[in-house]
Amino acid sequence: MKSYDRLFIGGEWVEPSSSSTFDVVSPSNEELVGRVPEAQNADIDRAVSAAREAFDHGPWPHMTPAERAVVLTKAADAIRNDMQGIAELISNEMGSPVAWGTLAQVFAPTMIMDYYAGLGSTFAFDTVKDGLLGPVMVTKEPVGVVAAITPWNVPLFLAAAKLSPALLAGCAVVFKPAPETPLDANVLAEILAEAGLPKGVLSVVPAGREVGEYLVNHPGVDKVSFTGSSVAGRKIGAACGANLKRVSLELGGKSAAILLDDVDLDVTLPLMMPNAIMNNGEACISLTRILAPRDRYAEVSEALVEQVRAMKVGDALDPTTEVGPLVAERQRERVESYIRIGEEEGAKIAIGGGRPEGFDKGWFVEPTVFVDVDNSMRIAREEIFGPVLSLIPYDDEADAVRIANDSDYGLCGAVYSRDNDRGLGVARQVRTGTYMVNSNIPIDFSSPFGGYKASGVGREFGEDGLELFLEKKTITLPAGYYPSV
Ligand code: NAD
C-alpha cells in the first residue's frame, strides 16, 4: 500500500484543504493499493499562486535551458534506477501488463525526458537575422503557468510528454493527474524535487473533472495542455477560447490498419498486433479498425483470430501477461456495452466477447474480434477503449483509403504491404497525425505527434512539443546591430 496524506503544492508536501481522498484499487484483484488526498478548488488556488510566484518572481524562467535540462536528466536517471518498482506501481494503479509497462510506461518517459534535456543545448531559443527592413531578433520565451491535465492510461508517459518540454521552456506547472493514477504522479514529484527543481515550479493536484474545470478556467493559468477524451477536449477548448488562453489538445482515436492485397500475413500480423491491442486496448493510438481486401477476408479473419487466441490474459503484475484487466469496473461495463452494441448492429464475434475464465476478481474482458463489420457501425466509429477489434472488408486500395478516412478521428494508422512505395503512397492519402508503413513504431519522440480532426489540436513531441510551451517575440534592431546569441 502506497499512501500519501499530503499534497505536493509549490514544491512542498502540504496539508490538503479537505479530508476527501481517492482510493487506488488494483484492477487485477480489486485490492486497495494506495490512497491520496483529493485536491479541491482551494488547493488549486494555492498551486496556481505558487506557480505564478515561481514564474513571475522566481529564478526558473531566467535560468538557461541547459541549466534547466540538468533537472530533467537527473530525474530520468532516478526513474531508470527504479524501472521495475515504478512499472509495478503503474500496473497496480491501472492494469497495464508489467512487461509492456516497463518499456512503455517507464523507460519511454525517460527517453522523452532525455530528448528534451538534449534540446536544452541544441534548440534555437534566440535567432538573429536580416528581416525585410533591417536586423531582427526572434526570441522564444516560456508561455507562463501551465495547467497539465492527463488521463490514466499511460500516466507517467503523458506526464513526461508535457512536463519535460514545459519545464525545459522555463514554465511553472500545475499538474492534474487522473484520479485513478495519482501515485506515480506523486513519485514523479518526489523525483523532480530531489533532482533540484526549485520550489513553486511544480504542483501535483490529483482531482476529478470539476476541479479540473476550475483549474482550466483559473485566471492565473496561461496555457492548458490537455490529453484525454474528445468530449472533454471540446469543453476545454471552448473554455480556453472564451478566455483566449493558449491550449493544446491530444484526444481520442479510431485508427485503421490497412492490409493491402499483397500483404504477407505471417510477417505483418505479429508486427501489427501489439499496436492493435495495446495496453489492454486502452491506448489512443490503438489500431482498432483492421481493413482487409474482400477477396482475402476469410484468410485474414482466421489469422487474426489465431493471433488473438495466442494472447495471454492475466494479472497485470505477471511478467508473461499480454492483456491485463481494464482500469475500472465502469470501463469494463463500457467495453461490454460496446460488445452488445456490435452484436445488435449485426457484426459477428469471431473470438472473445465475454469475460475470461478463472478470474473471480479483477475487471477482465476477453480480447475480442468482430467480423462482418461495416464502417458505419458504432463499434467502427466510436472509441471503445478496450481490447475489441473490428475487421472491415474493402474492395480496392481507393476504397480502403476512403474507409480509413471515414472517421471523426485522425490520430494514427498503418499500412502493410510487400511494397514499401505502395505503402507510402497510401500513407500520404490518410488524414492522421502519425502513420506506420510496415512499421510497429507509432510514436517517434523526436518528431511531431498529434491528431487531425477530433483527435486534437497541436503537436506534442519533437521541437513542436517544446514550441507548445513557448511564446515568440520579435525584436527589431537598429541597422548594423547583430547581437550574438
Ligand atoms: P477524460 O477526458 O475523461 O479525462 C482525462 C483527464 O481530464 C482526467 O484527468 C480528467 O479528470 C480530466 N477532465 C475530464 N474532463 C475535464 C474537464 N472538463 N476539465 C478539466 N479536466 C477534465 O479521458 P479518460 O477517459 O480518462 O482517458 C481516455 C481518453 O484519453 C481516450 O479518449 C484516449 O484516446 C485519450 N488519450 C489520448 C492520447 C493522445 O495522445 N492523443 C493519449 C492517451 C489517451
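One is the number of the first residue; the rest follow in order along the sequence. Heavy atoms only: backbone and side chains are in, while hydrogens, waters and symmetry mates are out.
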Inset, instruction - Output, in order, the C-alpha distance, side-chain angles, deciding distance and verdict of side-chain contact (heavy atoms from CB on, under 4.5 Å) for Leu192 and Leu163. - result: CA-CA 10 Å; Leu192 283 164; Leu163 267 55; 4.1 Å; yes
Inset, instruction - Would you please test Leu259 and Met272 for side-chain contact (heavy atoms from CB on, under 4.5 Å) and show each step? - result: CA-CA 10 Å; Leu259 307 177; Met272 182 190 81; 4.1 Å; yes
Inset, instruction - Go through Lys245 and Ile236 one step at a time and tell me if the side-chain contact (heavy atoms from CB on, under 4.5 Å) criterion holds. - result: CA-CA 10 Å; Lys245 204 172 270 191; Ile236 290 169; over 6 Å; no
Inset, instruction - For the pair Val174 and Val221, evaluate side-chain contact (heavy atoms from CB on, under 4.5 Å) and give the outcome as yes or no after the intermediate values. - result: CA-CA 9 Å; Val174 178; Val221 169; 5.7 Å; no
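Nearest approach of Ala69 to Leu168, heavy atoms of both residues: CB-CD1, 3.9 Å. Minimum heavy-atom separation, Ser286 to Ala276: CB-O, 3.7 Å. Taking all atoms of both residues into account, the shortest heavy-atom contact from Ile339 to Gly353 is CG2-O, 3.8 Å. Closest non-hydrogen pair, Val224 versus Cys240, comes out as CG2-SG, 3.7 Å. Listed here is the closest heavy atom pair of Asp5 and Pro16: O-CD, 3.4 Å. Closest approach of Ala427 to Val437, counting heavy atoms only: CB-CG2, 3.8 Å.
Legend: ring pair (Phe, Tyr, Trp, His ring centres under 6.0 Å) pairs involving residues 15-35, not counting sequence neighbours: none detected. Annotation: side-chain hydrogen bond (donor to acceptor under 3.5 Å, both in side chains) contacts involving residues 320-329, sequence neighbours excluded, comprise Lys312-Thr320, Asp318-Thr320.
Taking the side chain as every heavy atom from C-beta outward, Val145 and His218 never approach each other to under 4.5 Å. Counting heavy atoms from C-beta on, the side chains of Phe385 and Leu326 never come closer than 4.5 Å. When side chains are defined from C-beta on, Pro367 does not count as touching Ile351, because their heavy atoms never get closer than 4.5 Å. Using a 4.5 Å heavy-atom cutoff, the side chains of Val247 and Val457 are not in contact. Side-chain atoms of Gln307 and Leu265, non-hydrogen and from C-beta on, never get closer than 4.5 Å to each other.
Counting only distance, with no hydrogens or angles, the side chain of Tyr416 and the backbone of Ser439 share a donor-acceptor pair below 3.5 Å. Side-chain atoms of Glu38 do not come within 3.5 Å of backbone N or O of Ala207 as any donor-acceptor pair. When atom types are taken as modelled, the side chain of Lys223 and the backbone of Leu468 share a donor-acceptor pair closer than 3.5 angstrom. Thr368 places no side-chain N or O within donor-acceptor distance of the main-chain N or O of Gly352, the cut-off being under 3.5 Å. Using a distance-only test at 3.5 Å, with no hydrogens or angles considered, a donor-acceptor pair links the side chain of Glu67 to the main chain of Thr64. Checked by atom type and distance alone, the side chain of Arg68 pairs as donor or acceptor with a backbone atom of Met63 at under 3.5 Å. Remark: side-chain polar atoms of Trp60 are paired, donor with acceptor, to backbone N or O of Cys171 under 3.5 angstrom. Put simply, the side chain of Thr434 gets close to the backbone of Leu411: a donor and an acceptor are under 3.5 Å apart. Side chain of Glu383 to backbone of Lys254: no donor-acceptor contact under 3.5 angstrom is found. In this structure, Arg289 contributes its side chain and Ala404 its backbone to a donor-acceptor pair below 3.5 Å.
With sequence neighbours excluded, no residue forms a ring-ring contact (aromatic ring centres under 6.0 Å, His included) with Phe175. Remark: Lys162 pairs with Glu460 by the salt bridge (charged side-chain N to carboxylate O under 4.0 Å, His left out) rule, at least two apart or across chains. Applying the ring-ring contact (aromatic ring centres under 6.0 Å, His included) rule to Trp363 yields no partners; only residues at least two apart in sequence or on another chain are considered. Listed by chain and residue number, Ser26, Asp315, Ala316, Pro325 satisfy the side-chain contact (heavy atoms from CB on, under 4.5 Å) test with Ser28 (two or more places apart in sequence, or in another chain). Residues passing the ring-ring contact (aromatic ring centres under 6.0 Å, His included) test with Phe8, sequence neighbours excluded: Trp13. By the ring-ring contact (aromatic ring centres under 6.0 Å, His included) test, Phe445 is found to be paired with Phe157, Phe461, residues two or more places apart in sequence or in another chain being considered. With sequence neighbours excluded, no residue forms a salt bridge (charged side-chain N to carboxylate O under 4.0 Å, His left out) with Arg459. Judged as a side-chain contact (heavy atoms from CB on, under 4.5 Å), and not counting sequence neighbours, the contacts of Ala239 are Val216, Asn217. Annotation: salt bridge (charged side-chain N to carboxylate O under 4.0 Å, His left out) contacts of Glu343 (sequence neighbours excluded): none.
Using a cut-off of 4.0 Å between Lys/Arg side-chain N and Asp/Glu carboxylate O, Glu213 and Lys235 are scored as salt-bridged. Under 4.0 Å is where a charged nitrogen must lie from a carboxylate oxygen, and between Glu366 and Arg355 no such pair does. By the 4.0 Å N-to-carboxylate-O rule, Arg330 lies too far from Glu333 to be salt-bridged with it. Remark: Asp77 engages Arg80 in a salt bridge, criterion side-chain N to carboxylate O under 4.0 Å.
By the 6.0 Å contact criterion, CD on Glu302 is open, its count of non-hydrogen atoms from other residues, nucleotides or ligands being 12 or less. When the shell of 6.0 Å around CD of Glu30 is examined, it contains more than 12 heavy atoms from other residues, nucleotides or ligands. For Arg334, the CZ atom counts as densely surrounded, since its 6.0 Å shell holds more than 12 non-hydrogen atoms of other residues, nucleotides or ligands.
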Show me the side-chain donor-acceptor pairs of residues 87-106 shorter than 3.5 Å, one per line, residues at least two apart or across chains.
from: Glu88; atom 1: OE2; to: Gln84; atom 2: NE2; distance (Å): 2.9
from: Ser91; atom 1: OG; to: Ala87; atom 2: O; distance (Å): 3.1
from: Ser91; atom 1: OG; to: Ser96; atom 2: O; distance (Å): 2.7
from: Glu93; atom 1: OE2; to: Leu183; atom 2: N; distance (Å): 2.8
from: Glu93; atom 1: OE2; to: Asp184; atom 2: N; distance (Å): 3.3
from: Ser96; atom 1: OG; to: Gln105; atom 2: NE2; distance (Å): 3.0
from: Ser96; atom 1: OG; to: Asn279; atom 2: OD1; distance (Å): 2.7
from: Thr102; atom 1: OG1; to: Val98; atom 2: O; distance (Å): 2.6
from: Gln105; atom 1: NE2; to: Asn153; atom 2: O; distance (Å): 3.2

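Note that the CD1 atom of Ile44 and the CG atom of Leu7 stand 9.0 Å from one another [nearest 0.5 Å]. Taken from CD1 in Ile277 to OG1 in Thr288, the straight-line distance is 10.0 Å, to the nearest 0.5 Å. Here Ser164 contributes atom OG and Met111 contributes atom CE; the two are 12.5 Å apart, rounded to the nearest 0.5 Å. Remark: Asn440 CG to Met278 CE distance equals 9.0 Å, nearest 0.5 Å. Taking CD1 from Ile441 and CG from Asn275, the interatomic distance works out to 9.5 Å, rounded to the nearest 0.5 Å. The distance from the CG atom of Leu167 to the CG atom of Leu202 is 6.5 Å, given to the nearest 0.5 Å.
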